[in-house]
Asks: 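What follows is a structure written as structure tokens; I'll ask about it next.
Within every chain, numbering begins at 1; the chains are lettered A, B, ... in the order of the sequence lines, protein sequences first and strands thereafter. The figures here come from the full heavy-atom set of this structure, side chains too, leaving out hydrogens, waters and symmetry mates.
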2 protein chains.
Amino acid sequence: MEQELDERKLKILKAIVRNYLETGEPVGSRTISKYTDLNLSSATIRNEMSDLEEMGYIIQPHTSAGRIPSDKGYRTYVDDMMKEKMEEMSKQQKEISDIKDTLLEKVEKVEELLQNTAKMLASNTNYATMVSSPRFDKRIKFIQLSIVDENKLLCVVVLDGNRIKNKIVNLTKELSDEDVFKMNMLFNSTLNGLTVEEINLMTIRQITGQAGEQAEVVGKVLELIAEVAGDNEDMKIYTSGATNILKYPELSDNNHASDLINVLEEKKQLTSLLTDKEGEENTGIQVYIGNETPVQTMKDCSVVTMTYELGEGVQGTIGIIGPKRMDYEKVVENLKTVKDKLDTAFKQGD
Amino acid sequence: MEQELDERKLKILKAIVRNYLETGEPVGSRTISKYTDLNLSSATIRNEMSDLEEMGYIIQPHTSAGRIPSDKGYRTYVDDMMKEKMEEMSKQQKEISDIKDTLLEKVEKVEELLQNTAKMLASNTNYATMVSSPRFDKRIKFIQLSIVDENKLLCVVVLDGNRIKNKIVNLTKELSDEDVFKMNMLFNSTLNGLTVEEINLMTIRQITGQAGEQAEVVGKVLELIAEVAGDNEDMKIYTSGATNILKYPELSDNNHASDLINVLEEKKQLTSLLTDKEGEENTGIQVYIGNETPVQTMKDCSVVTMTYELGEGVQGTIGIIGPKRMDYEKVVENLKTVKDKLDTAFKQGD
DNA sequence: GTTAGCACTCACTTAAATAGAGTGCTAATA
DNA sequence: TATTAGCACTCTATTTAAGTGAGTGCTAAC
């Protein structure tokens, strides 16, 4: 028996997967015999299925049941499908999916946009979805200090992309208006245009040196900036449709479902899924099947993620979590459309 | 038959409720006969139960099953319990519950604090929990305008409690540094100390008049302020333990559970629960039983909320969502402890 | 007013019977 | 040699029936 899948075996495998995706039930030889255009009897199919099982592509849950795809089986199916999708794409054959157009209604706030995206995607696919806010790089555009109360200093840092961070700092001694003015000049001339990472010891010494008596302020301000740098919570994660998980019996056995929903509610663990994997393929699509996912709780799920981009390399991620028998084709299609919408939405909002 | 509950009936009712809280099963006459210290035979209890049912305090799910409390039954139980609690409280009998002390570990960020609170409360009670961030009133403390780019104006509003709102505004024409300085003076002298609601037409006319050519800027800034005012999203809601709902069979029948978890995931609808009800009782505790809740999805749940306070009337709300047969006593106890912790945490953090 | 006793109801459990889908193997066929 | 028909066998799921037990309502006695 050859190790490689011949064409007929592949065809049968695909038929099995596709059928299982639909029904969620183990699929038997007779079904396949009718399902495909191969015109083979169930007996022949049985022989082939026996081979496929031995090769690890399909699994028999128990004697005298049909077969279901193994992770390996899903994987080949997905890979094969992706190949087709790529070809399709290159033909620019952009089929417009009937995604509802709620997305583009005027949403000023990014948060709301992303939340809506997650929601829409969930209701469209019937899986759980997650969307991460875009990760910007942290280049300082502008710094503004000003006095609020006698010894409270408002300190605002504007980053590229007009994201604003601020904090109120308590001082031990009062600053004159003139002092503040000078400090503003100092910080802006030294730090503007730098990314947070680029501020090194040299820069710090330079500033502290020029600040003279106001070294205290420098310290506090730099602290704020450090805070900005460490602010990974910058990346917010929005989820929706967590309960869709309950719709799939294979995931909804009591504890399993709660665990999954908890992970979605807590969001922290999702970071590993949404974090840059620099998707090997240029589509930016990443498919984790079963154990492939970095989140242990999801070992019986599949996760499909796709990154969306905002011009200058700034990017975020959209993801879908469902049973292994998720409708990969539909999911990828949906993700693509959403990606497009997000891309344009952000371009317009800019 | 008198309409009022005599002492014996009340005692029996309480026994029924308490037993049902524990077991979740309809409770029969024999159980009560042994459970109470009344020394009555099951037959007598049966008679009393029959009365209680007719009076609407308990319900028989089907012939030949025990009784379960009706909403009315729960209500009297809770009211009675609260009365006792109040007396207890007045005796300063502060029993320290064994709530884990995770709460007070150093959390700088309020968000994280609240998130942790929700989580801890959920794991302690086994119900779903929600915590709203405190609602401050919106008194303007300080306004700061400054130029970022040629025609982009950074506009920062500092509110009481040092909360900071900001936005970047696009201008059609350039402003000189001097212009900005003047505008700053103008806004601060006019608006500082006012609450957002107090800015009326008079104030606006006054500013616009003095601004002269810079009327455009005034408009934009006032817009930001209006945004601050309308910013109800200021109130963030944190939930945890949504899946605890699945632990109670009476809530976990398929659609029911999903609907509930969805409401918790979406958070919007929770506002009505967490919004100021000016808790009639001075404890700030509010108990919604079954249909009493404003959220229709929760008609088979009970919701207990409690407001916590930060000195100057600024307050937020903690809430617990569970089955009607929730352990009200434990819940109230937990809420009280958490409230205390939050109160002190905020006081320290100030 | 309270209680003992008894017939009756109804959900739930258990066990057995049945149906049905699917396999593996063998022998026949093209 | 590859394919197919046929059949015995396996295992799950569904149905059916019987049995169990908790609990009630009512009546008559205390």
Asks: At a heavy-atom distance below 4.0 Å, what parts of residues 61-70 of chain A sit against DNA chain D?
Replies: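 The stretch gives A:H62, A:T63, A:S64 as the residues lying under 4.0 Å from the strand, ordered by number.
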Asks: Does a side-chain N-to-carboxylate-O contact under 4.0 Å join B:D79 and B:K83?
Replies: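 Here B:D79 does not pair with B:K83 in a salt bridge, since their nearest N and O are not under 4.0 Å apart.
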Asks: Whole-Å distance between D:dC9 P and A:R46 CZ?
Replies: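 Distance check: A:R46 CZ to D:dC9 P gives 16 Å.
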Asks: Whole Å only: how far is the CD atom of B:E48 from the P atom of C:dG1?
Replies: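 To the nearest whole Å, that distance equals 10 Å.
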Asks: Starting at atom CG of A:N47, determine the distance to atom P of C:dT26, rounded to an integer number of angstrom.
Replies: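 Value for this atom pair: 12 Å.
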Asks: Within the side chain of B:E22, is there an N or O that forms a donor-acceptor pair under 3.5 Å with the backbone of B:N19?
Replies: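 Checked: no pair found.
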Asks: I need the CG-P distance between A:D51 and C:dC25, as an integer number of Å.
Replies: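 From A:D51 CG to C:dC25 P: 12 Å.
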Asks: Between C:dG1 atom P and B:D6 atom CG, what is the distance in whole Å?
Replies: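 Those two atoms, CG and P, are 11 Å apart.
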Asks: Please determine if B:K267 and A:E265 form a salt bridge, counting it only when a charged side-chain N lies under 4.0 Å from a carboxylate O.
Replies: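 Salt bridge flag = no for A:E265 with B:K267.
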Asks: Is any side-chain nitrogen or oxygen of B:R8 closer than 4.0 Å to OP1 or OP2 of C:dT2?
Replies: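 Yes, B:R8 has a side-chain N/O under 4.0 Å of OP1/OP2 on C:dT2.
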Asks: What integer distance in Å separates B:R30:CZ from D:dG21:P?
Replies: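 So the two atoms are 14 Å apart, to the nearest Å.
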Asks: Between the main-chain N or O of B:K247 and the side-chain N or O of B:S252, is there a donor-acceptor pair closer than 3.5 Å?
Replies: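 No: the side chain of B:S252 does not pair with the backbone of B:K247.
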Asks: Assuming nearest nucleotide by heavy-atom distance, tell me which of A:A43 and A:P26 is located more 5' along DNA chain C.
Replies: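 Nearest-nucleotide comparison on DNA chain C picks A:P26.
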Asks: Given D:dT24, C:dG22, D:dA5, identify the nucleotide with an atom nearest to the side chain of B:M49.
Replies: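 For the B:M49 side chain, the nearest candidate turns out to be D:dT24.
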Asks: Are the side chain of B:T129 and the backbone of B:A118 linked by a donor-acceptor contact shorter than 3.5 Å?
Replies: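 Pair found, side chain donor or acceptor close to backbone of B:A118.
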Asks: Using whole Å, what does the distance between atom P of nucleotide C:dG22 and atom CD1 of A:I45 come to?
Replies: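 Checked: the CD1 to P distance equals 13 Å.
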Asks: Is a side-chain donor or acceptor of B:T293 paired with a backbone partner of B:G290 at a separation under 3.5 angstrom?
Replies: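 Such a contact is absent between B:T293 side chain and B:G290 backbone.
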Asks: Starting at CD of A:Q60 and ending at C1' of D:dC9, how long is that distance when rounded to a whole Å?
Replies: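 Distance check: A:Q60 CD to D:dC9 C1' gives 13 Å.
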Asks: With a 4.0 Å cut-off on N to O distance, would you call B:K324 and B:E250 a salt bridge?
Replies: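 A salt bridge is absent here (no side-chain N lies under 4.0 Å from a carboxylate O).
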